[in-house]
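Here is the structure we will look at.
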2 protein chains.
Amino acid sequence: MILKEISINFTSPVPVYEQIKRNIKHIIAKDILKTNDPLPSIRELSSFLKINPNTVARAYRELQQEKIIDGRPGKGFWASSKKPSGKEKIVMLEDEFNKFIEKAVDMGVSPESVKEMISKYFREEK
Amino acid sequence: MILKEISINFTSPVPVYEQIKRNIKHIIAKDILKTNDPLPSIRELSSFLKINPNTVARAYRELQQEKIIDGRPGKGFWASSKKPSGKEKIVMLEDEFNKFIEKAVDMGVSPESVKEMISKYFREEK
DNA sequence: ATTACTGTATTAACATATTGATACAGTGAA
DNA sequence: TTCACTGTATCAATATGTTAATACAGTAAT
């Protein structure tokens, strides 16, 4: 089971349902959970974490909307076979990157300087 | 006066104090307000926008912490002479960019793909 | 049909963030 | 000092976001 892979920091300002989402996303991205592999049921995970089932349900519902997992009453949830494609992910990232650029413009930084900063960032990456 | 340059959308989910901050930042970035130029007083702006003085005060206080403006009781606020330097802005942007990269990693997108997406983004910019 | 699991929906409790009401304190000019 | 303006601090009202309590409904095996 993947229960041991999921850890929550209850003192963090990041809401629990959000931490659950991130955990599951990591687990699927790392291919620990492959297509159609079952997730712990809502009640199983909620009692393991000692939290309300609704909190897990919210995380699962949003992951389902993001096409990362799928599920049905009586059957549980499982890693989706239609996980977001590379192309879909890139579209989502472009959206995020746009917001980043807007922030830069808000700060009065020219696109050229942003470009240069990013080049440097990747160059210095190890 | 720069009152006419400031417009707030009260139906937006973005809080009013945040919108005020962005407005002022734009005005200063565009050099409409130069070093030591006075801003409207807290009460002047709050009555112009028909909102509580505290909301404007919060915006001004945070802008002051970001060194974008400065002020004193009895004197009002003015555009700071020590506006964040280009270097300081870049440091702040690097921080934002790091968060962006983390999101990408969370989504399971390789740094190479991110790099490629960004190159394309700048290439297609007009 | 019964049982024992699944997910879902509704409502309330609670925490946090945002805005407002109001009183207080600093500055400088008359 | 007095006045008319500044910003500041404290607390309450409100809106929003998060989690919990609880009851409901779907699925499959017996």
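Quantities reported herein were computed from a predicted structural model and do not represent experimental measurements. Below, chains carry the letters A, B, ... as their sequence lines are ordered, and counting in each starts from 1.
We find that CG of B:Asn54 is positioned 9 Å from C1' of D:dT8, with the value rounded to whole Å. Summarising the geometry, the separation between CD on B:Glu44 and P on D:dT6 is reported as 7 Å, rounded to the nearest angstrom. Between the P atom of D:dT19 and the CG atom of A:Asn9 lies a distance of 12 Å, rounded to the nearest Å. We find that CZ of B:Arg72 is positioned 17 Å from C1' of D:dC5, with the value rounded to whole Å. Look at CD on A:Glu62: it is 16 Å from C1' on C:dG7, rounded to the nearest Å. Separating the CD1 atom of A:Ile42 from the C1' atom of C:dT8 is a distance of 8 Å, rounded to the nearest angstrom. Residue A:Asn52 contributes atom CG, which lies 5 Å from atom P of D:dA20 at whole-angstrom precision. Taking atom CZ of B:Arg61 as the reference point, atom P of C:dA17 lies 14 Å away to the nearest angstrom.
Residue B:Tyr17 is in sugar-phosphate contact alone, with no base atom involved, counting any heavy-atom pair closer than 4.0 Å across all strands shown. Base contact: B:Arg43 has a heavy atom under 4.0 Å from a base atom. Note on A:Phe77: only backbone sugar-phosphate atoms sit closer than 4.0 angstrom, heavy atoms only; bases stay farther off. Nucleic acid contact for B:Gly76: sugar-phosphate only, since backbone atoms but no base atoms lie under 4.0 Å from a heavy atom of the residue.
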Pair pattern of DNA chain C in dot-bracket, where unpaired bases get dots and | marks partners in another strand, Watson-Crick or G-U under 3.5 angstrom: ||||||||||||||||||||||||||||||
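A distance of 11.5 Å separates CG in A:Leu33 from OG in A:Ser80, rounded to the nearest 0.5 Å. The distance from atom CG of B:Asp95 to atom CD1 of B:Ile90, rounded to the nearest 0.5 Å, is 12.5 Å.
Between A:Ile69 and A:Tyr60, the shortest heavy-atom distance links the atoms CD1-O, 3.6 Å. Considering all non-hydrogen atoms of both residues, B:Val14 and B:Gln19 come closest at O-NE2, 2.9 Å.
Nearest nucleotide to the side chain of A:Ile51, out of D:dA20, C:dT19, C:dT8: D:dA20.
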From CA spacing to verdict: side-chain hydrogen bond (donor to acceptor under 3.5 Å, both in side chains), B:Asp70, B:Gln64: CA-CA 5 Å; B:Asp70 202 0; B:Gln64 192 177 26; 3.0 Å; yes
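Within 6.0 Å of the NZ atom in A:Lys89, the count of heavy atoms belonging to other residues, nucleotides or ligands exceeds 12. Dense packing is recorded around NZ of A:Lys25, with more than 12 heavy atoms of other residues, nucleotides or ligands lying under 6.0 Å away.
Regarding contacts with the backbone of C:dG20, a side-chain N or O of B:Thr55 is found under 4.0 angstrom from either OP1 or OP2. Taking side-chain N and O atoms only, A:Arg58 has a distance below 4.0 Å to OP1 or OP2 of D:dT18.
The closest donor-acceptor contact from the side chain of B:Lys34 to the backbone of B:Asp31 lies under 3.5 Å.
Defined by atom type and a distance below 3.5 Å, a donor-acceptor pair is present between the side-chain atoms of B:Tyr121 and A:Asn98.
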Pull out every protein N or O sitting under 3.5 Å from an N or O of nucleotides 28-30 of chain D, one pair per line with the distance.
none

